[in-house]
K.L.:
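Take a look at this one; I'll ask things after.
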Protein chains: 2
Amino acid sequence: MFGDPRSSTDDGSPAGESGATRLGRRPSTTQAELSHVALTLFAERGFDDTTVDDIAAAAGIGRRTFFRYFASKNDLPWGDFDAQLDRMRAYLDDLPDDLPLMDAVRASVIEFNRIPPEEVPWHRQRMRLLLTVPALMAHSTLRYRAWRDVVAHYAAGRLGVPEDSLEPQALAWTMLGIALAAYEQWLVHEDADLTELLESALRMLGERFAS
Amino acid sequence: MFGDPRSSTDDGSPAGESGATRLGRRPSTTQAELSHVALTLFAERGFDDTTVDDIAAAAGIGRRTFFRYFASKNDLPWGDFDAQLDRMRAYLDDLPDDLPLMDAVRASVIEFNRIPPEEVPWHRQRMRLLLTVPALMAHSTLRYRAWRDVVAHYAAGRLGVPEDSLEPQALAWTMLGIALAAYEQWLVHEDADLTELLESALRMLGERFAS
DNA sequence: TTCCTTTTGGCCCCCAGTGCCATTATTCTC
DNA sequence: GAGAATAATGGCACTGGGGGCCAAAAGGAA
């Protein structure tokens, strides 16, 4: 998962920022730039055989500086995920209250994972890493948790129960599972459409699991 | 998750093993012994503040030797998980073919997570670590994957579809989510019964998610 | 005893991640 | 234009997980 990272405020110029000239020395690169450089290296040598030194060197910055842009090597494929989560939260909040809970959640999952055609190859590349490299699979869990929290928070509000109670939590877990299962299919089938896969997976949930 | 680790062949004596006297120097400890020592230290100082050196020292072995018993510090709370998975596989295989798929899977999840009363405190301790310490949460994903594979393999067989196709994968993900949501409840509520929580969570799945 | 097998653990290495701090780039103020 | 003030950089040194290599220890069998 999820979304696509192009929303990051990055106009290419190192200066960045809109208007208000900030104080002090300007950052010498950006998250997006580093992420791009790293993804390229990962594609060439593989994730495990690419050290942080390699990435920093390729990006022309010091190793120490790298860790000011990303808290860990594992975060590289994720870009600015928090911004994506904000988007999803906003989308959910804007949905009408009379839309059934399941419909709302389903719609938000679809929307959150809509990616513009030109981003598809990059997104595939990132998702392939996240879903196959063990170190990344493991680390992703922490990101998934933040995503689940968004879903659970919304569901809890709609159901009028605590966020950490069983129903919203189970719902959030289930949605995550459905989405990831769809992603795995998407990776296997080069020509598949992610939105269609998600829709079909979500449809299946109602059909198959009805006790 | 899951199950309980007492099935490990461990009679307490360092020699271990039943019958056939093996050749060469005898192992100076056991997985279970190390796991126990480590869990105790984690409870005292916390997971992150306990180094592998600490654990090895407390167990009276060299650091290098530690890594012959456990591939990583993160594996300590898991014990012999592969044995648990074998148990679950066997349980599923023994179920009658005419039992509806969902019933079979539900039953196996319940059964897999049945724990004898005397093990409850230890299991709580282990699960609390696994579900709250970030490093362990992350690493657990790899174990969960093996568990999901068991479920997906069985479901695929019953459905007559490839194991990596969407339906068994989504089902497996969903079951994992349900189980973990139940576990989280179990940790929060000291007096709760895990089996009851699982049953109620699985029941909810059918009710709430029926499209 | 001697030989064979298996485990042990020391030594040294690699790599991720962090605290500390002097250096450099940039803007603001006088 | 000459400093402050501010913010990013990156070198250095350190911790901690993990692994390769290999000699030594501990057992059984001949």
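Small disclaimer: the values here were computed from a predicted structure and weren't measured. Protein chains get the first letters and strands the later ones, always in sequence-line order, with residue 1 at the start of each.
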K.L.:
Quick check: do B/R106 and B/L198 have side-chain heavy atoms less than 4.5 Å from each other?
P.N.:
no
K.L.:
Does B/R22 put a side-chain nitrogen or oxygen below 4.0 Å from OP1 or OP2 of C/dT7?
P.N.:
yes
K.L.:
With DNA chain D as reference, determine whether B/R64 or B/V52 sits nearer its 5' end, using the nearest nucleotide of each.
P.N.:
B/V52
K.L.:
Side-chain contact, heavy-atom cut-off 4.5 Å: B/H153 with B/R89?
P.N.:
no
K.L.:
Starting at the 5' end of DNA chain C and moving along, which residue's nearest nucleotide shows up first, A/R63 or A/R68?
P.N.:
A/R63
K.L.:
Return yes if a side-chain donor-acceptor contact under 3.5 Å exists between B/R158 and B/Y154, otherwise no.
P.N.:
yes
K.L.:
Quiz question: going by heavy-atom distance under 3.5 Å, is there a donor-acceptor pair between the base of C/dT24 and the side chain of A/R25?
P.N.:
yes
K.L.:
Check DNA chain D against residues 35-44 of chain B and give the residues with a non-hydrogen atom under 4.0 Å, in numerical order.
P.N.:
none
K.L.:
For A/K73 and C/dT18, what is the distance between atoms NZ and P respectively, to the nearest whole Å?
P.N.:
15 Å
K.L.:
Side-chain N or O of A/R26 versus OP1/OP2 of C/dA25: is the shortest distance under 4.0 Å?
P.N.:
no
K.L.:
Which part of the nucleic acid does B/G24 contact within heavy-atom distance under 4.0 Å: base, sugar-phosphate only, or nothing?
P.N.:
base
K.L.:
Can you identify which nucleotide, out of C/dC15, C/dG19, C/dT6, has its nearest atom closest to the A/T51 side chain?
P.N.:
C/dC15
K.L.:
Give A/Y69 one of three labels, base, sugar-phosphate or nothing, depending on what nucleic acid heavy atoms sit under 4.0 Å from its own.
P.N.:
sugar-phosphate
K.L.:
For the side-chain hydrogen bond (donor to acceptor under 3.5 Å, both in side chains) test, which of A/T40, A/D54, A/T51 pairs with A/R45?
P.N.:
A/D54
K.L.:
Using whole Å, report how far CG of A/L136 lies from P of C/dA16.
P.N.:
12 Å
K.L.:
So, OP1 or OP2 of C/dT8: does either fall under 4.0 Å of a side-chain N or O from B/S28?
P.N.:
yes
K.L.:
When you compare the side chains of A/R128 and A/Q125, does any donor N or O come within less than 3.5 Å of an acceptor on the partner?
P.N.:
no
K.L.:
If you only use heavy atoms from C-beta on, which nucleotide in C/dT26, C/dT24, C/dG9 is closest to the side chain of B/I61?
P.N.:
C/dG9
K.L.:
Any Lys/Arg nitrogen of A/E199 or A/R114 sitting under 4.0 Å from an Asp/Glu carboxylate oxygen of the other?
P.N.:
no
K.L.:
How would you give the extent of chain A contacts on DNA chain D, as first and last nucleotide 5' to 3' within a 4.0 Å heavy-atom cut-off?
P.N.:
D/dT6 to D/dC12
K.L.:
Do B/L130 and B/W78 touch side chain to side chain, with heavy atoms closer than 4.5 Å?
P.N.:
yes
K.L.:
How many whole angstroms separate atom CG of A/D53 from atom P of C/dG17?
P.N.:
12 Å
K.L.:
Is there a side-chain contact between B/L34 and B/I61 (heavy atoms, below 4.5 Å)?
P.N.:
yes
K.L.:
Closest approach of B/F66 and B/A56, non-hydrogen atoms and distance?
P.N.:
CB-CB, 4.5 Å
